[in-house]
Amino acid sequence: GQLGHGPGEDAQVLAPRRVQELRKVRIEAAAAGDTHSAFLAQGGVLYTCGNNARGQCGHSLLDPVNPTPRKVDALTARHVSRVSASSHFTALSSSEALGVILL
């Protein structure tokens, strides 16, 4: 799930390949944490996938694993301009926020 290819698919990825869930989305930047990934799409839209046990994907804690990229609904009203990921968080900046937002 952390690469966005779906449940059980990431263990078999030995070379770069297109993330099918994002095939119609223009990705401008990507960031990878230890167990999750973030994709910044054109227009400042953020998608995340992988381990969300600590909320690092920005989705409900009731969804601890997201095997394919999902839009971060909490950021719908924001234009994300940069994204970075680490082991237990995702950091981003947006034109509407002063400073950095942590997920």
Side-chain angles (χ1 to χ4, degrees):
Q2 71 206 51
L3 298 177
H5 296 297
E9 294 292 317
D10 289 347
Q12 302 167 15
V13 178
L14 302 176
R17 71 179 204 204
R18 181 181 305 272
V19 176
Q20 288 302 308
E21 291 289 323
L22 298 174
R23 68 186 175 279
K24 295 181 180 178
V25 179
R26 182 180 174 123
I27 300 299
E28 297 182 342
D34 290 350
T35 59
H36 74 289
S37 297
F39 305 93
L40 180 56
Q42 187 174 31
V45 179
L46 187 67
Y47 293 82
T48 60
C49 61
N51 183 351
N52 186 51
R54 297 184 182 192
Q56 61 266 47
C57 288
H59 304 295
S60 168
L61 290 175
L62 299 176
D63 296 324
V65 178
N66 298 284
T68 57
R70 289 177 38 204
K71 190 183 303 185
V72 180
D73 292 332
L75 299 173
T76 300
R78 297 189 183 271
H79 182 276
V80 178
S81 55
R82 293 186 182 105
V83 65
S84 179
S86 186
S87 56
H88 301 298
F89 68 86
T90 302
L92 56 99
S93 61
S94 97
S95 56
E96 295 85 359
L98 298 174
V100 174
I101 300 169
L102 294 178
L103 299 180

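Keep in mind that the numbers below use all heavy atoms, side chains included, and drop hydrogens, waters and symmetry copies.
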Discussion item. Going by the rule side chain to side chain donor-acceptor pair (under 3.5 Å), which residues pair with Ser60 if we only count those two or more places apart in sequence or in a different chain?
Written reply: none
Worksheet item: Does any non-hydrogen side-chain atom of Pro69 lie less than 4.5 Å from one of Val19?
Response: yes
Worksheet item: Listed by chain and number, what are the salt bridge (Lys or Arg N to Asp or Glu O under 4.0 Å) partners of Asp63, not counting sequence neighbours?
Response: Arg70
Nearest-0.5 Å distance, [atom1] of residue [X] to [atom2] of residue [Y]:
| X | Y | atom1 | atom2 | value |
| --- | --- | --- | --- | --- |
| Leu46 | Asp73 | CG | CG | 11.0 Å |
| Gln56 | His36 | CD | NE2 | 5.5 Å |
| Ile27 | Gln42 | CD1 | CD | 10.0 Å |
| Leu22 | Cys49 | CG | SG | 7.5 Å |

Discussion item. As a quick check of understanding, evaluate side chain to side chain contact (heavy atoms under 4.5 Å, CB included) for Leu92 and Leu40, giving each step before the final call.
Written reply: CA-CA 10 Å; Leu92 56 99; Leu40 180 56; over 6 Å; no
Worksheet item: Can any side-chain N or O of Asn51 pair as donor or acceptor with the backbone N or O of Thr35 at less than 3.5 Å?
Response: no
Worksheet item: Is the side chain of Ser93 donor-acceptor paired with the backbone N or O of Ser81 at a distance under 3.5 Å, no angle test?
Response: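 Not a single qualifying donor-acceptor pair exists.
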If every non-hydrogen atom of [X] is compared with every non-hydrogen atom of [Y], which pair is closest and at what distance?
| X | Y | result |
| --- | --- | --- |
| Ala41 | Val25 | CB-CG1, 3.4 Å |
| Ser94 | Val80 | CB-CA, 4.1 Å |
| Leu61 | Gly55 | CD2-N, 3.3 Å |
| Val65 | Pro67 | O-CD, 3.6 Å |
| Gly33 | Ala85 | N-CB, 3.6 Å |

Fill in: Those residues that, when tested against Ser87, pass side-chain contact (heavy atoms from CB on, under 4.5 Å) (two or more places apart)
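Ser87 satisfies side-chain contact (heavy atoms from CB on, under 4.5 Å) with Asp34 once adjacent residues are dropped.
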